[in-house]
Amino acid sequence: QALSPSQSPVASTSNFVRLEEVMNFYEAMKERHNKGDGYAKATAPCYAVVRLWVSCETKAGESISVVGSDPAFGEWDLARAQPLSATGRFYPHWVSDVLLLRSQDVSREVQFKFAVIGPAADDGDVRFEPFNRTLLIPADAAGMLLEPAKPFVFGLLDA
C-alpha cells in the first residue's frame, strides 16, 4: 500500500495541533527563503511529515508501535520504536504522531513494520508483522504530509 499526500481524518486532535505547528514553521521558512534571507535558505525544511495508521484488534494491556530502518522509526530498535495511539471512538485504528523523515534530492525507500507489544515485552511478549512494508519518500518531499488513504491492516499486505 503506497503512501501519498492526503487529507484523511485522524483519530486524535493532538495530531492536528502538531501537524499545524510543523506546517506553520514550513510556511514561515518558505516565506523567508523567498525573501532571500540567508538563514532561511540554510534552514529550509528538509523533512517529509509522515503519519501512519493501522487497524488491529488488541487485548487489554497491549499497544502497537512502528519500527523500521529510518531513525524516525527507531532504526529497527524496538526500544526506540514509535508508539501509536487508539481512542475508543476510532478503535481498532491505531495512529502515530506525526513523524519527520528526512527528504532528499532523490527518492528513497524506508522499510518498516508494526509490532503488537504486550505487557511483558521484556520477556518477549511482542508480535511483529511477518514482512516489511515499504514507504517511498519522493524526491523533494519536504513539507509534504504522507499518510495512507486508509489504514494498513496488521499482518496483511495490500489489504
Side-chain angles (χ1 to χ4, degrees), residues 1-6 8 10-26 29 43-87 90-159:
Q1 184 178 17
L3 298 182
S4 60
S6 72
S8 62
V10 296
S12 170
T13 56
S14 66
N15 288 336
F16 284 116
V17 172
R18 290 184 180 136
L19 178 60
E20 182 178 340
E21 290 171 3
V22 170
M23 297 311 290
N24 285 343
F25 173 79
Y26 172 72
M29 289 294 104
T43 61
C46 57
Y47 293 93
V49 179
V50 175
R51 183 173 37 224
L52 301 174
W53 49 319
V54 63
S55 179
C56 182
E57 297 281 339
T58 54
K59 298 174 188 167
E62 291 181 329
S63 62
I64 297 183
S65 290
V66 62
V67 63
S69 61
D70 192 85
F73 296 149
E75 296 177 315
W76 297 114
D77 179 357
L78 190 57
R80 295 180 19 226
Q82 292 297 316
L84 280 69
S85 60
T87 61
F90 292 99
Y91 181 83
H93 292 169
W94 293 75
V95 181
S96 73
D97 285 336
V98 294
L99 305 168
L100 301 178
L101 277 74
R102 185 167 294 281
S103 177
Q104 299 173 345
D105 294 335
V106 295
S107 297
R108 69 183 181 104
E109 291 184 348
V110 174
Q111 301 291 310
F112 70 97
K113 64 174 62 182
F114 296 102
V116 175
I117 302 171
D122 292 341
D123 295 328
D125 190 10
V126 178
R127 289 190 329 265
F128 288 98
E129 290 185 299
F131 51 83
N132 292 345
R133 297 178 185 271
T134 301
L135 168 62
L136 175 65
I137 306 293
D140 300 324
M144 291 176 63
L145 169 61
L146 304 174
E147 69 177 341
K150 62 181 184 174
F152 294 104
V153 177
F154 185 87
L156 296 177
L157 198 55
D158 298 326

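Across every non-hydrogen atom of I137 and V110, the tightest pair is CG1-CG2, 4.1 Å. Nearest heavy-atom pair across Q82 and A72 is CG-O, 3.0 Å. The minimum heavy-atom distance linking A86 with Y91 is given by the pair CB-CD1, 4.2 Å. The two atoms that bring A149 and W53 nearest to each other are O-CZ2, 4.0 Å, heavy atoms only.
The OG1 atom of T134 sits 3.5 Å away from the CD atom of Q111 when rounded to the nearest 0.5 Å. For the atom pair T58 OG1 and I117 CD1, the distance stands at 11.5 Å (nearest 0.5 Å). Atoms CZ and CD1, on R127 and I64 in that order, are 8.0 Å from each other to the nearest 0.5 Å. In this structure, CG in L99 is found 12.5 Å from OH in Y47, a value given to the nearest 0.5 Å.
Sorted by first and then second residue, the side-chain hydrogen bond (donor to acceptor under 3.5 Å, both in side chains) pairs with a member in residues 65-74 read D70-R108; sequence neighbours excluded. The ring pair (Phe, Tyr, Trp, His ring centres under 6.0 Å) contacts involving residues 68-87 comprise F73-F112, where partners must be two or more places apart or lie in separate chains.
Distance alone, capped at 3.5 Å, places no donor-acceptor pair between the S55 side chain and the P151 backbone. Side-chain atoms of W94 come within 3.5 Å of backbone atoms of C56 as a donor-acceptor pair (strictly under, hydrogens ignored).
Taking P138 as the reference, A141, L146 meet the side-chain contact (heavy atoms from CB on, under 4.5 Å) condition, with sequence neighbours excluded. Scored by the side-chain hydrogen bond (donor to acceptor under 3.5 Å, both in side chains) test, E129 finds R133 as partners (sequence neighbours excluded). The salt bridge (charged side-chain N to carboxylate O under 4.0 Å, His left out) test applied to R102 returns no partner, not counting sequence neighbours.
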Candidate pair V95 and L84, rule side chain to side chain contact (heavy atoms under 4.5 Å, CB included), full reasoning: CA-CA 5 Å; V95 181; L84 280 69; 5.8 Å; no
